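Taking it in order: structure first as structure tokens, then the write-up.
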Amino acid sequence: MPIETTTTQDAPAEILFKLWPWLEANRNKIIGLVVALLVVVSIYYFMASQREENERAAGAALTQLMMTPPTGTDPAVALSQLATKYAGTAAGQRAQLQAAATEFSVAKYADAQAAFEKFVADNSTSTLVSMAQLGIAASLEAQNKPDAAATAYQKVVSMYATSPSYLPAMCGLGRIAEAQGKLKEALDHFGAVVRAGQSGGTLYQEAMMRAAELEPKVAALTPKPAAATAMPTTASQTITVPAAK
């Protein structure tokens, strides 16, 4: 007696036949879901293309501003305006950070500190945050606030040990410690920069110079071991042995 078999080609047709009543009953819902999905995908691609275009425009605007600064306008203000216009873009972040650095370069240290702090608040996940934190510390040091500056530098050292801001922060800690008379601590900081830095770099040269000046001072302050005290000696007594008779 022959055995009936179902070929693999018939399986999809059988499944579709079983699902057909459900598909017919829910046709409008399915069409609605498909349309909604297409709308979401379209919006995503539109927003992605808009972001790319915005990034290009922001980058071009920042390049133009850096190459030909506007006359009669404070450069920091112009950079801040560009950062606001292109907020959320990489170029906008760079413009905001550059605006803070510009304030620092003209000795507006309190304004620079505020600008660096605003950058951190606005861009907490940015890869440039470590540089802004370093700017905060440098602004505090420039305002002659050594304790607050040391705390800010230590934050950079602790949180961003693998960033380019690490070595400048270590040098900052060294300068503050030296100014406060903590020579051994200062030498440790500068020594760390020498060991980690690249020979020939500005930070390396600064750290080498400071360490070379501090080493003899630290050595002079290090207590020397006391010399061994000689035991007092006593004259030996001469014992006369009587001659044998």
Side-chain angles (χ1 to χ4, degrees), residues 47-48 50-177 189 192-193 196-198 201-203 206:
M47 293 178 63
Q50 287 294 101
R51 283 196 297 268
E52 291 178 1
E53 183 178 345
N54 203 35
E55 285 285 358
R56 287 194 294 269
L62 179 59
T63 301
Q64 180 67 23
L65 180 60
M66 297 300 292
M67 292 180 63
T68 56
T71 57
T73 303
D74 185 340
V77 172
L79 286 163
S80 296
Q81 290 173 345
L82 189 150
T84 301
K85 181 178 180 180
Y86 295 102
T89 66
Q93 291 180 9
R94 292 196 300 273
Q96 187 177 0
L97 191 62
Q98 185 62 41
T102 301
E103 298 281 24
F104 188 95
S105 68
V106 294
K108 295 181 179 179
Y109 302 124
D111 292 340
Q113 178 190 344
F116 283 124
E117 289 173 342
K118 186 176 187 304
F119 181 93
V120 173
D122 293 345
N123 309 279
S124 59
T125 60
S126 171
T127 56
L128 302 175
V129 166
S130 65
M131 298 180 66
Q133 293 285 8
L134 180 65
I136 293 171
S139 298
L140 288 166
E141 183 183 3
Q143 293 175 77
N144 195 27
K145 299 178 179 179
D147 292 335
T151 299
Y153 279 130
Q154 188 59 53
K155 183 176 183 179
V156 176
V157 168
S158 301
M159 296 182 62
Y160 307 102
T162 59
S163 76
S165 301
Y166 175 79
L167 294 182
M170 288 293 286
C171 275
L173 287 172
R175 288 192 302 271
I176 293 172
H189 290 309
V193 176
Q198 297 180 350
T202 302
L203 289 174
E206 177 190 352

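The structure presented is a predicted model; accordingly, all values stated were derived computationally and were not measured. One-based numbering along the sequence shown.
Within the model, atoms OG1 of Thr151 and CD1 of Ile176 stand 8.5 Å from one another, a figure rounded to the nearest 0.5 Å. Annotation: the span from Tyr166 atom OH to Leu134 atom CG amounts to 13.0 Å, rounded to 0.5 Å. Separating the OG atom in Ser105 from the CD atom in Gln98 is a distance of 8.0 Å, to the nearest 0.5 Å.
Under the 4.5 Å side-chain criterion, counting only non-hydrogen atoms from C-beta, Ser130 is not in contact with Leu128. The side-chain heavy atoms of Val120 and Ile136, taken from C-beta on, include a pair separated by under 4.5 Å. Looking at heavy atoms from C-beta onward, Lys118 lies in side-chain contact with Gln96 at the 4.5 angstrom threshold.
Applying the ring-ring contact (aromatic ring centres under 6.0 Å, His included) definition to pairs two or more places apart or across chains, those involving residues 101-156 are Phe104-Tyr109. Judged as a salt bridge (Lys or Arg N to Asp or Glu O under 4.0 Å), the pairs with a partner in residues 138-165 (not counting sequence neighbours) are, in order, Glu141-Arg175. Within the structure, no pair that satisfies the salt bridge (Lys or Arg N to Asp or Glu O under 4.0 Å) test touches residues 131-140, not counting sequence neighbours.
Gln81 is linked by a side chain to side chain donor-acceptor pair (under 3.5 Å) to nothing, counting only residues two or more places apart in sequence or in another chain. Residues passing the side chain to side chain donor-acceptor pair (under 3.5 Å) test with Ser126, sequence neighbours excluded: Gln93. Remark: Ala114 engages no residue in a side chain to side chain contact (heavy atoms under 4.5 Å, CB included) (not counting sequence neighbours). The side chain to side chain donor-acceptor pair (under 3.5 Å) check on Gln113 picks up Glu117, Gln143, with sequence neighbours excluded. Residues satisfying the side chain to side chain donor-acceptor pair (under 3.5 Å) criterion with Ser158, sequence neighbours excluded, are Gln154. Residues meeting the side chain to side chain contact (heavy atoms under 4.5 Å, CB included) test with Ala95, sequence neighbours left out: Leu62, Leu79, Leu82, Ala83.
Minimum interatomic distance between Ala152 and Ala137 (heavy atoms only, all atoms of both residues): CB-CB, 3.5 Å. Between Ala148 and Leu140, the shortest heavy-atom contact is O-CD1, 3.7 Å. Pairing each heavy atom of Leu167 with each of Ala196, the nearest pair is CD2-CB, 3.9 Å.
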